[in-house]
Amino acid sequence: MPTSSQADRILVLGIGNILWADEGFGVRAVEEFHRRYAVPENITILDGGTQGLYLVNYLEDADRLIVFDAIDYGLEPGQLKVVRDEEVPRFTGAKKMSLHQTGFQEVISAADLLGRCPKHLALIGCQPLDLQDWGGPLTAPVRDQINPAVALAVDILAKWGVEAAPRTASLPESERLLANDIDHIHYEMRARPA
């Protein structure tokens, strides 16, 4: 795998909808990555949520991209799969949640058409179990893959020559990716059965 230089702009992106159970995997994974690791200034960490084509501008600015997402690979629920570079577009055509939601495949395609797609991509996908539970938390098999997915991202960055350093102090509340009590601890953790 090609190594990075400190000049490379890297985007670590989580996409999905936290209101639809396992569809929130990507957002929760990038949130956990940000909570646990400090990164150099050439790395942007972004909760892309369901922004669709609005994400094209972020992709245009990146030389390298890591994406966390819930992807229907047809595997066992909770199984992780990493696809890279030219493999990414054919694996991102997962079922859309609604007609107005642009899939990430369209975002990649739009950036590619503009000639501004990142040179290197890594998609860390998790097979969902439940995408229908409105307001529900991640299911156990998917929730259990957040830490392994974060470890995969750290490993990919290391192979690109970039260190994600474990934080030595807790992330201040003002620096969380999600505010207004929709972060994982305040939103999903309270929805878990006792």
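The basis for the numbers below is simple: all heavy atoms, side chains too, and nothing from hydrogens, waters or symmetry mates.
Between Gly78 and Gln145, the shortest heavy-atom distance links the atoms O-CG, 2.6 Å. Here the closest heavy-atom approach between residue Ile66 and residue Ala153 is recorded as CD1-O, 3.9 Å. Ala21 and Leu138 get closest at one heavy-atom pair: O-CD2, 3.3 Å. Of all non-hydrogen atoms in Leu65 and Trp160, the two that sit nearest each other are O-CH2, 3.7 Å. In terms of heavy-atom proximity, Asn17 sits nearest to Leu19 at OD1-N, 2.9 Å. Closest approach of Ala164 and Val154 over heavy atoms only: CB-CG2, 4.3 Å.
Transitive grouping of hydrophobic side chains (ILVMFWY, heavy atoms separated by less than 4.5 Å) keeps Leu129 and Leu75 in distinct clusters.
For the pair Tyr73 (side chain) and Cys126 (backbone), a donor-acceptor distance under 3.5 Å is absent. In this structure, the side chain of Asp8 does not engage the main chain of Asp63 through any donor-acceptor pair within 3.5 Å. At distances below 3.5 Å, at least one donor-acceptor pair connects side-chain atoms of Asp72 with backbone N or O atoms of Gly74. The closest donor-acceptor contact from the side chain of Asn42 to the backbone of Arg9 lies at 3.5 Å or more, if one exists at all. Panel note: side chain Arg167, backbone Tyr37; a donor-acceptor pair is recorded below 3.5 Å.
Scored by the salt bridge (charged side-chain N to carboxylate O under 4.0 Å, His left out) test, Asp61 finds no partners at all (sequence neighbours excluded). In this view, Asp155 and Lys159 satisfy the salt bridge (charged side-chain N to carboxylate O under 4.0 Å, His left out) rule, not counting sequence neighbours.
Ion pairing of Glu31 with Arg28 is present here, as a side-chain N (NZ or NE/NH1/NH2) and a carboxylate O approach within less than 4.0 Å.
With values rounded to the nearest 0.5 angstrom, Ile156 atom CD1 is found 4.5 Å from Arg84 atom CZ. The structure places CG of Leu11 at 5.0 Å from CG of Leu13, a figure rounded to the nearest 0.5 Å. Note that the CD1 atom of Ile45 and the CD1 atom of Ile10 stand 10.5 Å from one another [nearest 0.5 Å]. Atoms CG and CD, from Leu121 and Glu87 in turn, are 11.0 Å apart once rounded to the nearest 0.5 Å. In this structure, Lys81 NZ and Leu152 CG are separated by 13.5 Å, a value rounded to the nearest 0.5 Å.
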(request) In sequence, state the C-alpha distance, the side-chain angles, and the governing distance for Val162 and Val39, and then conclude on side chain to side chain contact (heavy atoms under 4.5 Å, CB included). (result) CA-CA 8 Å; Val162 179; Val39 294; 6.0 Å; no
(request) Please lay out, stage by stage, how Val142 and Gln127 fare under the test side chain to side chain contact (heavy atoms under 4.5 Å, CB included). (result) CA-CA 7 Å; Val142 172; Gln127 178 68 43; over 6 Å; no
(message) Please determine whether side chain to side chain contact (heavy atoms under 4.5 Å, CB included) holds for the pair Val12 and Val30, giving the CA-CA distance in whole Å, both sets of side-chain angles, and the decisive distance to 0.1 Å.
(response) CA-CA 7 Å; Val12 179; Val30 79; 4.0 Å; yes
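Aromatic ring pairs are classed by plane angle as parallel below 30°, tilted from 30° to 60° and perpendicular above 60°; the pair Phe25 and Phe68 is perpendicular.
Looking at heavy atoms from C-beta onward, Ile124 lies out of side-chain contact with Val150 at the 4.5 angstrom threshold. For the pair Pro40/Ile43, a side-chain contact is recorded, criterion being any heavy-atom separation below 4.5 Å from C-beta on. Looking at Val27 and Ile15, their side chains never come closer than 4.5 Å, going by heavy atoms from C-beta outward. In this structure, Asp85 and His120 have side chains that are in contact, with non-hydrogen atoms separated by less than 4.5 Å.
Annotation: Tyr58, atom OH; neighbour count of heavy atoms from other residues, nucleotides and ligands within 6.0 Å does not exceed 12.
A donor-acceptor pair shorter than 3.5 Å can be found between the side chains of Asp22 and Thr139.
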